Student: 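Starting off with a structure, shown below.
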Amino acid sequence: MSQVKTLVIAQLKSALGYLPAGFAYAAGITCFALVLYTIWKFGLRRKTGRLFWWRLLVGFFFSAYIYCVLQLTILSREPGNYGGIDWRFLVRWNENDSQKAFLLANIIMFIPFGVLFPMFGKVVAHILISLPVAMACSICIEALQLKYQLGFCQLDDVAANSVGFLIGFLVFLMLRDICLFALMICRCFQGSGQAKHLSEN
């Protein structure tokens, strides 16, 4: 397993190498969103709430993440001798350490998707909506790899990506519960402070 760990870490380092360019790409998208926001608010005299700024922040990190994923899986690859669809399930796990590392890397790759995507709002925070979206994105990656001969189109990759998303979604739920609990505690302290102030008066 030490060899598998080494290979996974190497793949993660390769993915993180795209992060600076991803941040630049995300900054461009964020600036474009701010221009639209300015037109919306001042040109059309419309109001936007605090939720807009939260979604803008999430969108920045999500855009950088998507850039890294696309570079790792499609944009940085050269066409090769790939073909067909591998419908086997978890067979590669028993082949060699390299295949095990690829499966684990595919799981890790979609964990940020599960954390960030549900943060956009209540609609996509539902598992029955966000999970199909994540699976559809994974299938699109595999389809592009198949069409342009950029990698093997494998059922295992979609399954691994889905598992990674579910892990990330659980992290999102834990973070949301922690935030709600912290907010409840703050409100309790504020309520007790106001009650004490009223009693003193």
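Quick caveat: nothing in here was measured; it's all calculated off a predicted structure.
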Student: Using a 4.5 Å cut-off on heavy atoms from C-beta on, say whether the side chain of Asp86 contacts that of Asp156.
Tutor: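 When only atoms from C-beta onward are counted, Asp86 and Asp156 do not touch, as no gap falls below 4.5 Å.
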Student: Between Leu150 and Pro79, is any pair of side-chain heavy atoms under 4.5 Å apart?
Tutor: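 SC-SC contact between Leu150 and Pro79 confirmed.
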Student: Any heavy-atom pair between the side chains of Thr30 and Leu57 that's under 4.5 Å?
Tutor: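 SC-SC contact between Leu57 and Thr30 ruled out.
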Student: Hey, what's the ring geometry for Phe113 with Phe110, parallel, tilted or perpendicular (30° and 60° as the breaks)?
Tutor: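 Geometry flag for Phe110 against Phe113: parallel rings.
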Student: Donor-acceptor pair, distance only, cut-off 3.5 Å: does the side chain of Trp54 make one with the backbone of Phe120?
Tutor: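 Judged by distance alone, no pair lies under 3.5 Å.
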Student: Are any side-chain N or O atoms of Ser130 and backbone N or O atoms of His126, one a donor and one an acceptor, separated by less than 3.5 Å?
Tutor: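 Such a contact is found between Ser130 side chain and His126 backbone.
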Student: Apply side-chain contact (heavy atoms from CB on, under 4.5 Å) to residues Phe169 and Leu131 and explain how you reach the verdict.
Tutor: CA-CA 9 Å; Phe169 191 82; Leu131 178 58; over 6 Å; no
Student: Return yes if some donor-acceptor pair links the side-chain N/O of Tyr65 with the main-chain N/O of Met109 below 3.5 Å, else return no.
Tutor: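 Present.
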Student: Suppose clustering is done on Ile, Leu, Val, Met, Phe, Trp and Tyr with side-chain heavy atoms closer than 4.5 Å. Which residues sit in the same group as Val158?
Tutor: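 Ile139, listed by chain and number.
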Student: Check whether any side-chain N or O of Glu142 sits under 3.5 Å from a backbone N or O of Gln154 as a donor-acceptor pair, and report yes or no.
Tutor: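 Yes: the side chain of Glu142 pairs with the backbone of Gln154.
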Student: Test side-chain contact (heavy atoms from CB on, under 4.5 Å) on Thr6 and Asp97; report intermediate values, then the result.
Tutor: CA-CA 10 Å; Thr6 302; Asp97 289 343; over 6 Å; no
Student: Answer with yes or no after comparing the ring centroid distance for Phe23 and Tyr67 against a 6.0 Å cut-off, counting only values under it.
Tutor: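 Here the rings of Tyr67 and Phe23 have centres that are no less than 6.0 Å from each other.
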Student: Are the side chains of Leu34 and Leu56 in touch, meaning some heavy atoms are under 4.5 Å apart?
Tutor: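 SC-SC contact between Leu34 and Leu56 confirmed.
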Student: Check for a donor-acceptor pair, side chain of Asn161 on one end and backbone N or O of Asn106 on the other, with a separation under 3.5 Å.
Tutor: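 Yes: the side chain of Asn161 pairs with the backbone of Asn106.
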Student: Might you work through the side-chain contact (heavy atoms from CB on, under 4.5 Å) test for Asp177 and Phe181, ending with a clear yes or no?
Tutor: CA-CA 6 Å; Asp177 289 343; Phe181 180 74; over 6 Å; no
Student: For Gln99, which residues count as a side chain to side chain donor-acceptor pair (under 3.5 Å) partner, sequence neighbours excluded?
Tutor: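 For Gln99, the residues satisfying side chain to side chain donor-acceptor pair (under 3.5 Å) (neighbours in sequence not counted) are Arg92.
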Student: Could you check, using the six-membered ring where one of them is a Trp, whether Tyr37 and Trp53 have ring centers closer than 6.0 angstrom?
Tutor: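 Aromatic pair counts; centres sit under 6.0 Å.
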Student: Using atom types as modelled and distance alone, determine if a side-chain donor or acceptor of Gln145 lies under 3.5 Å from a backbone N or O of Thr73.
Tutor: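 Judged by distance alone, yes, a pair lies under 3.5 Å.
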